[in-house]
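Positions are given from 1 along the sequence.
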Amino acid sequence: MTTAPARRPRGVLALVALYVLFAALFAGLIALGSWQVQRRAWKLDLIQRVEARVHAPPGAPPARTDWSTVSAARDEYRHVRLSGRYLPGRDTYTQAVTELGPGYWLLSPFRTEGGEIVLVNRGFVRERRPAAPSSAGEVTGLLRLSEPGGGFLRRNAPAQERWHSRDVAAIAAARGLDGAAVAPYFVDADRTPGADAGPAQEPVGGLTVIKFPNNHLVYALTWFGLALMVAGAAWRVALEQRRRRRAAPPPTDEVR
């Protein structure tokens, strides 16, 4: 009389481990899909807030007492108005690629009537050449946050006058501006009403690109779809196990 091999407990443990894996995958994928749904709601709210700022009448920029709390969530793309004058001879050219082609952004320091200095991106120029002086006493545009360091894989080199980003602090230091009086943001100037985008009208303002990719719904559907596939796989395994149990002969305790 010989006892049958104890194979069933090992098979049961493997099956339990498989179902635990299915459950973990399903829960993780559902969590990722739910997170993308939340991200989509946040992105839609952000787009709505930015659109409201961009199209609002220009208002006062953040005061010096509020500079330490300036943030992208609250302040970026605010439509602001500056009153004062440009400081001559301290222009900076940063590399740019726009709808008009490659060229430069022309940044000039603007001293407000309150004594603060704000870097103003006066607009796009195709060539790096001395800019015509501006007697503008008022500038309107969109508030932008500083872009420290440089561009993608390209660092700013102030000593060589190579600027790949609009780094407010670095530009202010390179131009000998009083850092304590320089705002931690810059302003993209609006386009002059009635002006075209030709070379004669350079610098060309109003070229700020405002675009927020919003693919979160696609991502959410992808994660939820994968979760359904995992659930379907678990269901198929359960059906197969049920079929095998029905087809298997009755167990015996011993073999003669």
Side-chain angles (χ1 to χ4, degrees), residues 6-56 61-62 66-80 96-99 142-156 164-169 184-186 188 207-248 251:
R7 294 178 180 176
R8 181 165 296 181
R10 190 178 303 172
V12 170
L13 289 177
L15 188 61
V16 170
L18 182 60
Y19 282 130
V20 169
L21 176 62
F22 280 142
L25 286 174
F26 181 81
L29 292 169
I30 290 295
L32 287 171
S34 301
W35 177 64
Q36 288 296 336
V37 170
Q38 295 171 4
R39 291 281 296 173
R40 179 175 182 270
W42 169 82
K43 184 64 68 68
L44 291 175
D45 180 65
L46 172 64
I47 293 172
Q48 183 178 12
R49 284 187 283 115
V50 168
E51 286 291 327
R53 294 174 193 169
V54 169
H55 298 294
D66 297 326
W67 284 357
S68 62
T69 61
V70 170
S71 66
R74 190 187 66 184
D75 300 296
E76 192 160 29
Y77 300 110
R78 282 174 56 180
H79 202 189
V80 298
V97 177
T98 72
E99 62 188 55
L142 301 180
L143 186 151
R144 304 293 308 282
L145 298 188
S146 179
E147 301 166 345
F152 179 67
L153 298 179
R154 297 177 298 176
R155 296 194 64 80
N156 294 327
H164 303 287
S165 72
R166 294 163 289 190
D167 186 334
V168 171
Y185 53 82
F186 63 94
D188 278 347
L207 295 179
T208 306
V209 176
I210 304 173
K211 186 177 181 181
F212 298 97
N214 187 14
N215 300 317
H216 299 293
L217 180 59
V218 174
Y219 298 152
L221 292 175
T222 299
W223 292 125
F224 289 142
L226 291 173
L228 288 176
M229 291 175 64
V230 169
W235 178 249
R236 289 292 298 272
V237 170
L239 291 178
E240 179 64 17
Q241 290 299 316
R242 182 180 180 185
R243 185 190 67 78
R244 289 183 179 182
R245 285 196 300 270
R246 288 182 173 180

For residues [X] and [Y], report the shortest heavy-atom separation together with the two atoms involved.
{"X": "N156", "Y": "S165", "value": "ND2-OG, 3.1 Å"}
{"X": "Y19", "Y": "A238", "value": "OH-CA, 3.1 Å"}
{"X": "A227", "Y": "I30", "value": "CB-CD1, 3.8 Å"}
{"X": "D167", "Y": "G149", "value": "OD2-N, 3.0 Å"}
{"X": "P62", "Y": "W67", "value": "O-NE1, 3.2 Å"}
{"X": "L44", "Y": "N214", "value": "CD2-ND2, 3.4 Å"}

Can you tell me how far the [atom1] atom of [X] sits from the [atom2] atom of [Y], to the nearest 0.5 Å?
{"X": "T208", "Y": "L142", "atom1": "OG1", "atom2": "CG", "result": "5.0 Å"}
{"X": "L13", "Y": "L18", "atom1": "CG", "atom2": "CG", "result": "12.5 Å"}
{"X": "W42", "Y": "W35", "atom1": "CH2", "atom2": "CH2", "result": "10.0 Å"}
{"X": "R244", "Y": "L239", "atom1": "CZ", "atom2": "CG", "result": "12.5 Å"}
{"X": "L217", "Y": "Q36", "atom1": "CG", "atom2": "CD", "result": "10.0 Å"}
{"X": "H164", "Y": "L153", "atom1": "NE2", "atom2": "CG", "result": "10.5 Å"}

Is there a donor-acceptor contact under 3.5 Å from the side chain of [X] to the main chain of [Y]?
{"X": "D75", "Y": "S71", "answer": "yes"}
{"X": "W223", "Y": "A31", "answer": "no"}
{"X": "R53", "Y": "E76", "answer": "yes"}

Checklist line | Exceeds 12 heavy-atom contacts within 6.0 angstrom, atom CZ of R74 | finding: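 Atom CZ in R74 is packed in, count exceeds 12.
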Next item on the list: Given side chain to side chain contact (heavy atoms under 4.5 Å, CB included), test R242 with R245 step by step and report yes or no.
Entry: CA-CA 5 Å; R242 182 180 180 185; R245 285 196 300 270; 4.0 Å; yes
Check: Does any non-hydrogen side-chain atom of Y185 lie less than 4.5 Å from one of R144?
Finding: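 Contact flag for R144/Y185 side chains = no.
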Check: Can you name the salt bridge (charged side-chain N to carboxylate O under 4.0 Å, His left out) partners of R166, sequence neighbours left out?
Finding: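 Scan of R166 (salt bridge (charged side-chain N to carboxylate O under 4.0 Å, His left out), adjacent residues dropped) gives E147, D188.
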Check: Who pairs with R243 by salt bridge (charged side-chain N to carboxylate O under 4.0 Å, His left out), at least two apart in sequence or on another chain?
Finding: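 Only E240 meet the salt bridge (charged side-chain N to carboxylate O under 4.0 Å, His left out) criterion with R243.
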Item checked: For R154, all residues meeting side chain to side chain donor-acceptor pair (under 3.5 Å), sequence neighbours excluded ->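 Side chain to side chain donor-acceptor pair (under 3.5 Å) check on R154 returns Q95.
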Note to self: Show, in sequence, the C-alpha distance, side-chain angles and deciding distance for V237 and L15, and conclude whether the side chain to side chain contact (heavy atoms under 4.5 Å, CB included) test is met.
What the structure shows: CA-CA 9 Å; V237 170; L15 188 61; 4.0 Å; yes
Notebook entry, point to check: What class does the angle between the rings of H216 and Y219 fall in, given that below 30° is parallel, 30 to 60° is tilted and above 60° is perpendicular?
Noted result: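 It falls in the perpendicular class, over 60°.
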